[in-house]
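Please read the structure below before turning to the comments.
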Amino acid sequence: MPDSHADLDWRGGDDVVSALRVAEEGAPALGHARILTATAETWSKLSPRRIIDGLRETGKATSVILEVRELTNVDSEALGKDLRNMAAELPGHTRLEFVLERIHTAFPRDEAEREALAALIDLTETLRDFATTRWALPVEPGTVYKVNGLVSAAHRIGVDVVLVPSGELLSADDRLFLDDFIRHGLLERAQPAEQGGLRAILHALREDADEEELDHTLHALRVGAGEGLSEEDSVDASFAADAAEVLMHGARAHVGRLLAPARRDPEILTRPFGKVLFIGAYGGEHIGDMAILGGVAFRVHRRHGTTQAVLMTQRPRHTRHLMPLIETPIDMEVREYTHGEIDRTLKEVDAVVWAGGPLIDIPKQLVRHLYTVSAAKRMGKPFIMEGIGPGPFTRMPSRVTAQNIVRLADHISIRTKEDAEAGILGGRDVDVGHCPAFDYLETRGRELSRLLPGELAEIERLTGDAGGCPVIGVNTRPIYHTFTVNKDGEDKAKLTREVQQRFEKEMARGIAAYHEKAVRKPIFVFFPMNAIHFGKSDLESAFNIKQHLPDDVEFRVWEADASLDGVLALMRTMDAAITMRFHATIFALSQNVEPIGVDYRIGKRYKVAAVLADAGRDHQHTRIDLLKAEWLTTQLQRLVTIRD
């Protein structure tokens with residue numbers, strides 16, 4: 001978008017020349033671009049000749065941006081022809097661009113929303129052949145969670161997006177979600193020319209910024225999200241950016257390891273710990289990880305009498321946003337995972353506890369963990385690994401770091417039987433148990449006290465009209481190529497992309513086939529375990545599946561950053577669930593909902609299969625690269641019980 005422009009909010013009338021002059025007088029230094037804004041109905045009634053004459057008479061614009069709003073009940077084909085005719089008569093030096101405002105969801109629920117989306121797509125396909133065309137995404141309460149689907153829809157048909165303010169105040173949670181989406185969904189893949197504007201929005205979304213600053217920034221920039229780096233390039237660039245930090249902090253961690261005693265306390269499980277330091281994969285967590293944290297808190301409270309804890313996280317703002325979603329007997333303080341905070345906190349606590357989750361090839365986290373654990377052991381403080389899931393590891397330095405962490409543990413418990421076979425454990429004696437998330441979910445009774453405002457009403461909108469028809473949950477996710485098992489010489493990124501696309505089509509075929517055969521037509525409800533873009537948003541996967549489904553299949557998407565209790569409440573309406581995330585599977589099992597599991601590691605059995613095997617359901621899973629529509633349809637027919 002141009003850096004300077006004269007805004008003209010014009011909604012009708014024939015005197016276009018006067019309107020343009022007024023806009024110029026109001027902003028004489030911003031004469032390089034004109035933005036003409038009107039409803040689609042107004043554009044369809046106005047003679048294109050009047051606009052052309054007005055632009056020629058005022059004559060200064062080198063770029064004209066036509067904003068088209070309120071597309072419902074408009075003949076988009078006729079409007080497209082009128083705008084094309086107008087564009088053909090513009091002065092040769094004038095650049096034309098269209099911004100189509102404003103659609104609120106890529107997953108329409110009613111006829112009005114379906115018509116609006118269809119009109120948007122039809123008009124877009126008409127206009128983009130002869131002018132740059134973008135979609136305007138409104139930034140307002142209740143819609144920030146829907147930008148993911150809209151961006152996916154826009155990119156699918158080859159257009160860009162523009163973020164526009166609404167004038168309504170965003171909540172702290174809305175601002176955090178938008179920050180994450182821009183930072184990890186747009187910025188990493190934006191063209192260099194777009195990055196400055198996106199960074200300005202991020203600055204306006206910081207915790208201490210006021211709403212007026214955000215509104216002003218969006219009005220001033222109206223920045224789009226371009227197609228820059230490919231997804232695999234952005235992931236690789238992220239690893240490269242972490243390399244210097246890993247090398248610097250890794251050296252400190254491994255030197256500290258050499259000085260740490262390896263002796264273990266045989267009485268560790270009976271020791272009292274009033275206050276502990278929790279570490280793990282926190283900062284990129286979602287509601288499943290919060291269930292893990294809650295379960296570990298209950299375990300250490302029961303076993304060690306712990307009443308206080310400090311949780312280390314790489315993204316404190318994000319973790320503090322999630323903390324109110326769980327309730328435990330431990331008072332937990334969130335601190336940023338830095339060396340200074342580690343050193344300060346170790347003086348306050350009685351032990352360090354790896355609070356569940358993966359022991360995995362994330363180098364930046366591993367070197368911090370090794371630093372923390374080594375320092376604790378040198379101070380004579382115990383280290384427990386509680387309910388972990390080891391592996392996979394694709395890099396040798398990460399494997400060595402993880403092995404050193406394991407050697408320093410006084411006690412290790414793992415979350416599935418198959419985890420005991422992981423080579424990274426180096427033959428250590430371990431307790432085979434289950435994921436701590438199960439412990440926490442057992443505490444969630446009939447009354448769910450940590451629901452977010454409006455969640456029950458949204459669940460009612462998603463499922464309230466089922467009327468005895470099956471309600472089937474769906475949770476799938478996009479995947480990284482990092483842990484794909486490939487053949488020698490095979491391009492991991494390309495293979496991963498091809499497998500994911502094939503999987504989404506097979507999922508849609510299986511869902512459609514079950515719908516076709518069902519006596520009572522099912523309602524499929526997609527629920528996100530991770531809606532944020534850091535760690536890959538589940539909502540992106542929802543859109544991709546939706547595109548392959550017939551219109552008559554009820555595939556509804558919960559476009560929200562759902563709470564832990566919110567997902568449990570939705571689960572309690574389900575007859576079965578297709579689960580790809582590990583914790584979506586655990587949530588289903590905890591609520592006696594039959595899961596149909598999909599392991600998302602290409603080429604190798606993984607943790608969804610392991611947890612289902614432990615639950616006696618080894619026949620209820622497949623792998624992302626092996627899934628066939630017919631298998632999914634058969635599983636649904638076998639497991640879904642029709643309610644009276």
Side-chain angles (χ1 to χ4, degrees), residues 40 67-72 74 76 80 97-129 131-140 142-164 177-178 180-182 184-186 189-190 194 222-228 230-231 474 476-478 497 500-501 504-505 507-508 511 524-526 528 531-533 536-551 553-561:
E67 291 191 355
V68 185
R69 294 179 177 168
E70 301 176 23
L71 296 171
T72 309
V74 171
S76 56
E97 181 172 326
F98 291 99
V99 174
L100 306 182
E101 297 196 17
R102 50 181 70 191
I103 195 74
H104 286 82
T105 179
F107 303 102
R109 300 259 191 99
D110 55 39
E111 194 58 34
E113 287 184 345
R114 279 189 283 272
E115 287 180 2
L117 182 60
L120 175 68
I121 292 173
D122 289 346
L123 185 58
T124 300
E125 292 178 339
T126 298
L127 298 179
R128 68 178 182 176
D129 292 336
T132 299
T133 304
R134 300 189 182 198
W135 288 2
L137 306 187
V139 178
E140 59 191 36
T143 66
V144 293
Y145 302 98
K146 301 181 180 183
V147 295
N148 202 99
L150 288 165
V151 168
S152 296
H155 286 174
R156 183 178 65 87
I157 62 174
V159 296
D160 231 332
V161 299
V162 181
L163 302 176
V164 294
F177 184 89
L178 185 60
D180 174 86
F181 179 73
I182 292 172
H184 302 289
L186 300 182
R189 300 180 64 185
E194 304 280 14
R222 306 182 62 78
V223 64
E227 285 289 348
S230 67
E231 179 184 334
V474 181
T476 58
R477 57 162 294 174
R497 186 167 55 250
Q500 178 148 339
Q501 291 171 352
E504 290 160 351
K505 291 177 181 177
M507 274 282 294
I511 287 171
F524 291 90
V525 180
F526 189 101
I532 64 170
H533 227 81
K536 293 223 179 244
S537 172
D538 298 350
L539 294 173
E540 183 178 332
S541 182
F543 179 81
N544 292 339
I545 293 170
K546 173 72 172 175
Q547 299 319 298
H548 301 299
L549 287 169
D551 290 339
V553 174
E554 284 288 349
F555 187 86
R556 303 171 182 180
V557 179
W558 192 359
E559 292 181 275
D561 193 6

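Side-chain atoms are counted along with the backbone in the values below, which use heavy atoms only and exclude waters and symmetry mates.
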How far does [atom1] of [X] sit from [atom2] of [Y], to the nearest 0.5 angstrom?
X    : Y    : atom1 : atom2 : result
K146 : L539 : NZ    : CG    : 11.0 Å
E559 : R109 : CD    : CZ    : 7.5 Å
E140 : L178 : CD    : CG    : 12.0 Å
F177 : I182 : CZ    : CD1   : 11.0 Å
I121 : W135 : CD1   : CH2   : 5.0 Å
L186 : D180 : CG    : CG    : 10.0 Å

>> Assess, by modelled atom type and distance only, whether the side chains of E113 and T105 contain a donor and an acceptor separated by less than 3.5 Å.
In response: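 The criterion, which ignores hydrogens and geometry beyond distance, is not satisfied for T105 and E113.
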Which atom pair, heavy atoms only, marks the closest approach of [X] to [Y]?
X    : Y    : result
A560 : P528 : O-CG, 3.3 Å
F543 : A153 : CZ-CA, 3.1 Å
F555 : K546 : O-NZ, 3.6 Å
D538 : F526 : O-CZ, 3.2 Å
A106 : L150 : N-CD2, 3.7 Å
A508 : I545 : CB-O, 3.9 Å

>> Pair L127, L100 - check side-chain contact (heavy atoms from CB on, under 4.5 Å), show working.
In response: CA-CA 10 Å; L127 298 179; L100 306 182; 3.9 Å; yes
> Looking at side-chain heavy atoms only, is the closest gap between M507 and V474 below 4.5 Å?
Replying inline: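 Of all side-chain heavy-atom pairs linking V474 with M507, at least one is under 4.5 Å.
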> Can you tell if the side chain of Q500 reaches within under 4.5 Å of the side chain of R497, non-hydrogen atoms only?
Replying inline: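 Not touching, per the 4.5 Å side-chain cut-off.
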> Should the ring pair H533 and F181 be called parallel, tilted or perpendicular, given that the plane angle runs from 0 to 90° and is split at 30 and 60?
Replying inline: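 If you compare the ring of H533 with that of F181, the planes turn out perpendicular.
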